[in-house]
Amino acid sequence: MKKITLIPGDGIGPEIANSVVKIIKASGLDIDWDIQTAGSDVVESEGEPLPTRVLDSIKQNKVALKAPVTTPIGNGFRSVNVALRKELDLYANLRPCKNLPNVKTKFDNVDIIVVRENTEDLYAGIERRIDNDTAESIKIITRGASTKIAEFAFDYALKNSRNEVCAVSKANICKLTDGLFLESVREVSKKYPQIKYKEILVDNLCMQLVQDPSRFDVLLLPNLYGDIVSDLCAGLIGGLGVAQGANIGKDCAVFEAVHGSAPDIAGQDKANPTALLLSAVEMLKHINEHSYAEKIDAALARALGGKILTADLGGNAKCSEFTDEVIKYL
Ligand code: NAI
């Protein structure tokens with residue numbers, strides 16, 4: 001039986017993780033879930049939000065499914081999500097944004113792959129308060145990380161029959177940092193003559209995405225712009241409740257939804273488990289369980305076409321009721 005690390009997270013995390021585990025079990029696939037807690041509760045009991053046991057479990061199992069973990073705003077411990085990506089060198093954040101069958105949205109032709117660099121940029125967390133009225137944060141961009149993520153994006157484009165990679169920056173303002181990012185990507189692009197390469201400034205990209213998302217194919221972004229633009233793209237396909245993601249490194253992969261722990265609806269059985277379920281479907285493909293992945297995908301599509309939907313998709317069903325609906329179609 002395949003052993004996979006499961007981080008149930010907090011906020012809506014445990015509710016949606018429970019839903020996904022139930023659906024995978026109902027599909028007939030047996031997984032030995034290695035449950036590893038992380039986050040604020042763990043700080044209280046173990047003194048740190050991301051104990052080494054969590055990292056060791058992922059290193060051993062190579063694959064993890066992770067529900068969201070809350071990060072305190074302004075002060076408190078550093079993001080578990082950022083630390084996990086850095087510790088395991090999960091350098092590529094892959095966020096496919098494609099219209100889902102039966103989910104009505106403003107555009108019906110969205111098919112964008114967001115590739116976000118996952119280890120540096122302003123997320124390096126190098127900040128300091130210079131004096132009472134001034135603070136600074138250091139934006140780190142390296143040729144190594146930029147080249148690695150560019151190679152990932154072009155390889156992905158090639159293997160998945162995509163036509164174009166568009167590098168996103170603000171190199172008109174951040175001339176040195178974003179300039180180095182672009183310089184590195186341009187170099188990589190030369191090795192992929194089959195894939196069209198273009199560049200765009202992030203502000204212009206946001207405007208064009210909400211006007212006509214069909215103009216874009218694979219978007220390649222440094223960490224911060226990638227974080228923001230992938231939420232924008234999630235909005236194009238029905239919101240955070242349906243947007244999937246994966247963090248991929250050389251040795252391990254951690255699959256997780258784009259959204260966070262949604263404290264506003266936590267503990268109320270209201271969350272949409274679709275985003276985490278789609279991330280889990282990608283995880284099943286990653287471990288070569290294609291038939292179960294297809295089975296769950298088909299059942300989800302049928303459930304999304306029905307009337308038992310969570311509030312974010314215009315219904316009034318609970319997370320648990322939607323889960324039962326997906327299971328009904330399996
Ligand atoms: P959020 O993504 O948790 O929520 C934004 C809005 O989307 C809220 O109105 C929420 O109710 C809604 N939403 C999110 N997921 C949903 C779902 N599955 N079904 C229905 N509605 C859903 O973003 P927010 O509020 O900015 O962040 C909350 C916490 O999550 C913060 O501590 C943040 O640091 C953390 N976070 C964690 C992430 C992770 O674990 N990978 C990623 C993003 C944020």
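For ligands, and for the atoms within them, numbers begin at 1 and follow the listed sequence.
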Which residues pass the side chain to side chain donor-acceptor pair (under 3.5 Å) test with Thr142, not counting sequence neighbours? Glu120
Please tell me whether Asp56 and Gln60 have a donor and an acceptor in their side chains that are separated by less than 3.5 angstrom. no
Heavy atoms, side chains only, cut-off 4.5 Å: are Ser189 and Ile195 in contact? no
Pairs under 3.5 Å, nitrogen or oxygen of ligand 1 with protein nitrogen or oxygen:
residue: ligand 1; atom: 2 (O); partner: Gly260; partner atom: N; Å: 2.7
residue: ligand 1; atom: 3 (O); partner: Gly260; partner atom: N; Å: 3.4
residue: ligand 1; atom: 3 (O); partner: Gly260; partner atom: O; Å: 3.4
residue: ligand 1; atom: 3 (O); partner: Ser261; partner atom: N; Å: 3.2
residue: ligand 1; atom: 3 (O); partner: Ala262; partner atom: N; Å: 2.7
residue: ligand 1; atom: 9 (O); partner: Asp264; partner atom: OD2; Å: 2.8
residue: ligand 1; atom: 11 (O); partner: Asp264; partner atom: OD1; Å: 2.8
residue: ligand 1; atom: 11 (O); partner: Asp264; partner atom: OD2; Å: 3.1
residue: ligand 1; atom: 15 (N); partner: His259; partner atom: ND1; Å: 3.4
residue: ligand 1; atom: 18 (N); partner: His259; partner atom: NE2; Å: 3.2
residue: ligand 1; atom: 18 (N); partner: Asn272; partner atom: O; Å: 2.9
residue: ligand 1; atom: 19 (N); partner: Asn272; partner atom: N; Å: 2.9
residue: ligand 1; atom: 30 (O); partner: Ser261; partner atom: N; Å: 3.0
residue: ligand 1; atom: 30 (O); partner: Ser261; partner atom: OG; Å: 3.2
residue: ligand 1; atom: 32 (O); partner: Thr71; partner atom: N; Å: 2.9
residue: ligand 1; atom: 32 (O); partner: Thr71; partner atom: O; Å: 3.1
residue: ligand 1; atom: 34 (O); partner: Thr71; partner atom: OG1; Å: 3.4
residue: ligand 1; atom: 40 (O); partner: Lys66; partner atom: NZ; Å: 3.1
residue: ligand 1; atom: 40 (O); partner: Val69; partner atom: N; Å: 2.9
residue: ligand 1; atom: 40 (O); partner: Asn81; partner atom: OD1; Å: 3.0
residue: ligand 1; atom: 40 (O); partner: Asn81; partner atom: ND2; Å: 3.2
residue: ligand 1; atom: 41 (N); partner: Glu256; partner atom: OE1; Å: 3.0

With sequence neighbours left out, write down each residue that passes salt bridge (Lys or Arg N to Asp or Glu O under 4.0 Å) with Asp111, or none if nothing qualifies. Arg162
Within the side chain of Asn247, is there an N or O that forms a donor-acceptor pair under 3.5 Å with the backbone of Asn93? no
Side-chain donor/acceptor pairs under 3.5 Å, residues 43-50, sequence neighbours excluded:
residue: Ser45; atom: OG; partner: Asp41; partner atom: O; Å: 3.4
residue: Ser45; atom: OG; partner: Val42; partner atom: O; Å: 3.4
residue: Glu46; atom: OE1; partner: Arg53; partner atom: NE; Å: 3.2
residue: Glu46; atom: OE2; partner: Arg53; partner atom: NE; Å: 3.4
residue: Glu46; atom: OE2; partner: Arg53; partner atom: NH2; Å: 2.7

